[in-house]
**Q** 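Structure below; questions to follow.
Source: prediction; values computed, not measured.
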Amino acid sequence: MDKFVKLTGVAAPLPVVNIDTDMIIPKDYLKTIKRTGLGTGLFAEARYHEDGSLNEDFVLNKPAYQNAKILVAGDNFGCGSSREHAPWALLDFGIRCVISTSFADIFYNNCFKNGILPVVVSPEDLEKLMDDASRGANAILTVDLENQEITGPDGGKISFELDAFRRHCMLNGLDDIGLTLEKATAIDTFEKTNAASHPWAA
């Protein structure tokens, strides 16, 4: 998993509450277990018309936001069914950070396992960031995980809180497998000791 230390990029505004995982990635795209290629299905029902053409009114289809790395969204982002394809689709599109006032628990946990940083801010701070994100190509935010700060295009800073363990994992690019591999030496020592003391079990 890629490390997340500091991210600077265009932030796209999506001021919609209760965005569920079906809106993030519709069920039609769940036939694959691959993490790549799902970016085309991100917000598909909003991004495309019924004939498959792009909906130019949807924020991620607008030229200024087509390469957005950050999403500023309404409350309760990622609610609904527990589909891991949702963070996969965001990541494949290029989104590495989602900022909201709250997230559904399962989606929130899945983000950390896939290298996406979900940031919780106050309603007042979200309003400021939504305004920043509405500036089109000038909607540049910097999300600094080491200092737990978001810097806006005018230099204003907003602090955010994050559990120390999750912060450690993101800064070091550790998913569940990476955390296990950190203990590889200890695991190997245990296995050798256990095999020596229980040779009949080998």
**Q** Assigning hydrophobic clusters by single linkage (Ile, Leu, Val, Met, Phe, Trp, Tyr; side-chain heavy-atom cutoff under 4.5 Å), is Phe77 placed with Leu7?
**A**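 The answer is yes; both residues are in one hydrophobic cluster.
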**Q** Pair Asp75, Leu126 - check side-chain contact (heavy atoms from CB on, under 4.5 Å), show working.
**A** CA-CA 9 Å; Asp75 190 57; Leu126 185 74; over 6 Å; no
**Q** Is there side-chain contact between Lys27 and Asp22, with heavy atoms separated by less than 4.5 Å?
**A**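 Yes, at least one pair of side-chain atoms sits under 4.5 Å.
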**Q** Between Ala12 and Val59, what is the shortest heavy-atom contact and its length?
**A**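 Distance-wise, the nearest heavy atoms are CB-CG2, 4.2 Å.
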**Q** Determine, using the 4.5 Å side-chain heavy-atom cutoff (strictly less than), whether Val5 and Val119 are members of one ILVMFWY cluster.
**A**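 Linked within one cluster.
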**Q** Is the shortest heavy-atom distance from the side chain of Thr36 to the side chain of Trp88 under 4.5 Å?
**A**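 When only atoms from C-beta onward are counted, Trp88 and Thr36 do not touch, as no gap falls below 4.5 Å.
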**Q** Give the minimum heavy-atom separation between Val72 and Ala133, together with the two atoms involved.
**A**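 Nearest heavy atoms, Val72 then Ala133: CG2-CB, 4.1 Å.
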**Q** Looking at Glu146, is its backbone amide N or carbonyl O close enough to the side chain of Arg167 to form a donor-acceptor pair, meaning the two atoms are under 3.5 Å apart?
**A**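 Yes; judged by distance alone, with no hydrogens or angles, the pair exists.
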**Q** Take a 6.0 Å sphere around CG of Asn18 and say whether it holds more than 12 heavy atoms from other residues, nucleotides or ligands.
**A**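 Counting neighbours around CG of Asn18, more than 12 heavy atoms of other residues, nucleotides or ligands fall under 6.0 Å, so yes.
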**Q** Give the minimum heavy-atom separation between Ile24 and Gly78, together with the two atoms involved.
**A**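 Scanning both residues, the minimum pair turns out to be CD1-CA, 4.1 Å.
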**Q** How about Leu14 and Leu60: do any of their side-chain heavy atoms sit closer than 4.5 Å?
**A**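 Heavy-atom side-chain distance check fails, nothing below 4.5 Å.
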**Q** Is any side-chain N of the basic residue among Lys128 and Asp131 closer than 4.0 Å to the acidic one's carboxylate O?
**A**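 Asp131 and Lys128: not salt-bridged.
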**Q** Are the side chain of Arg83 and the backbone N or O of Leu30 linked by a donor-acceptor pair below 3.5 Å?
**A**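 No, because the side chain of Arg83 does not come within donor-acceptor range (under 3.5 Å) of the backbone of Leu30.
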**Q** Quick check: does any side chain N or O of Thr21 sit under 3.5 Å from a backbone N or O of Gly80, one acting as donor and the other as acceptor?
**A**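 Judged by distance alone, no pair lies under 3.5 Å.
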**Q** Taking the side chain as every heavy atom from C-beta outward, state whether Tyr108 and Ser102 have any atom pair closer than 4.5 Å.
**A**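 They are not in side-chain contact.
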**Q** Tell me if a side-chain donor or acceptor on Gln148 pairs with a main-chain N or O of Phe160 at a distance below 3.5 Å.
**A**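 Side chain of Gln148 to backbone of Phe160: a pair is present.
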**Q** On a heavy-atom basis, which atom in Ala104 and which in Cys79 lie closest, and how many Å separate them?
**A**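 Where Ala104 meets Cys79 most closely, the heavy atoms are CB-CA, 3.5 Å.
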**Q** So does Gly37 get a backbone contact from the side chain of Asp92, meaning a donor-acceptor N/O pair under 3.5 Å?
**A**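 Here the side-chain-to-backbone pair exists.
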**Q** State which residues pass side-chain contact (heavy atoms from CB on, under 4.5 Å) with Asp28; sequence neighbours excluded, sorted by chain then number.
**A**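 For Asp28 there are no side-chain contact (heavy atoms from CB on, under 4.5 Å) partners, ignoring immediate neighbours.
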**Q** Quick check: closest heavy atoms across Asp132 and Pro153, and the distance to 0.1 Å?
**A**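 Between these two residues, the closest heavy atoms are CG-CD, 3.6 Å.
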**Q** State, with a plain yes or no, whether a side-chain heavy atom of Asp163 is found less than 4.5 Å away from one of Phe112.
**A**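 Result no, sub-4.5 Å side-chain heavy-atom pair not found.
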**Q** So does Glu149 get a backbone contact from the side chain of Asp144, meaning a donor-acceptor N/O pair under 3.5 Å?
**A**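 It does not hold such a pair.
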**Q** By the definition side chain to side chain contact (heavy atoms under 4.5 Å, CB included), identify the one residue from Lys113, Lys3, Arg166, His168 that meets it with Leu174.
**A**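 Only match with Leu174 under side chain to side chain contact (heavy atoms under 4.5 Å, CB included): His168.
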**Q** List for me each residue that meets side-chain contact (heavy atoms from CB on, under 4.5 Å) alongside Met23, sequence neighbours excluded, and say none if there are none.
**A**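 Checked Met23 against side-chain contact (heavy atoms from CB on, under 4.5 Å); matches are Ile19, Asp20, Phe43.
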**Q** Could you tell me which non-hydrogen atom of Ile116 sits nearest to which non-hydrogen atom of Pro87, and how far apart they are?
**A**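 So the two residues come closest at CD1-O, 3.2 Å.
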**Q** Look at atom CD1 of Ile140 and say whether more than 12 heavy atoms of other residues, nucleotides or ligands are closer to it than 6.0 Å.
**A**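 Result for CD1/Ile140: enclosed.
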**Q** Ile99 vs Ile70, test: side-chain contact (heavy atoms from CB on, under 4.5 Å). Steps then yes/no.
**A** CA-CA 8 Å; Ile99 303 170; Ile70 301 164; 3.9 Å; yes
**Q** Count the heavy atoms belonging to other residues, nucleotides or ligands that lie under 6.0 Å from CD of Glu127, then report whether that count exceeds 12.
**A**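 No.
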**Q** Counting C-beta onward and ignoring hydrogens, is there a side-chain heavy-atom pair between Glu56 and Asn61 closer than 4.5 Å?
**A**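 They are not in side-chain contact.
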**Q** Between Cys97 and Phe4, is any pair of side-chain heavy atoms under 4.5 Å apart?
**A**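 SC-SC contact between Cys97 and Phe4 confirmed.
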**Q** If hydrophobic clusters are built by linking Ile, Leu, Val, Met, Phe, Trp and Tyr wherever their side-chain heavy atoms come under 4.5 Å apart, do Val98 and Val17 end up in the same one?
**A**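 Hydrophobic grouping puts Val98 apart from Val17.
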**Q** Check for me, please, whether Leu171 and Phe165 land in the same ILVMFWY cluster - side-chain distances under 4.5 Å, paths through other members count.
**A**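 The answer is no; the residues belong to distinct hydrophobic clusters.
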**Q** Answer yes or no: is there a side-chain heavy-atom contact under 4.5 Å between Asn55 and Tyr48?
**A**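 A side-chain contact is absent here, since even the closest heavy-atom pair is not under 4.5 Å.
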**Q** Evaluate the criterion side-chain contact (heavy atoms from CB on, under 4.5 Å) for residue pair Phe103 and Asn110; output intermediate values, then yes/no.
**A** CA-CA 11 Å; Phe103 295 88; Asn110 281 339; over 6 Å; no
**Q** Do Leu38 and Leu71 share a hydrophobic cluster (ILVMFWY, side-chain heavy atoms under 4.5 Å, transitive)?
**A**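 Hydrophobic grouping puts Leu38 apart from Leu71.
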**Q** More than 12 heavy atoms of other residues, nucleotides or ligands under 6.0 Å from CG of Asp105: yes or no?
**A**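 At most 12 heavy atoms, drawn from other residues, nucleotides or ligands, come within 6.0 Å of this atom.
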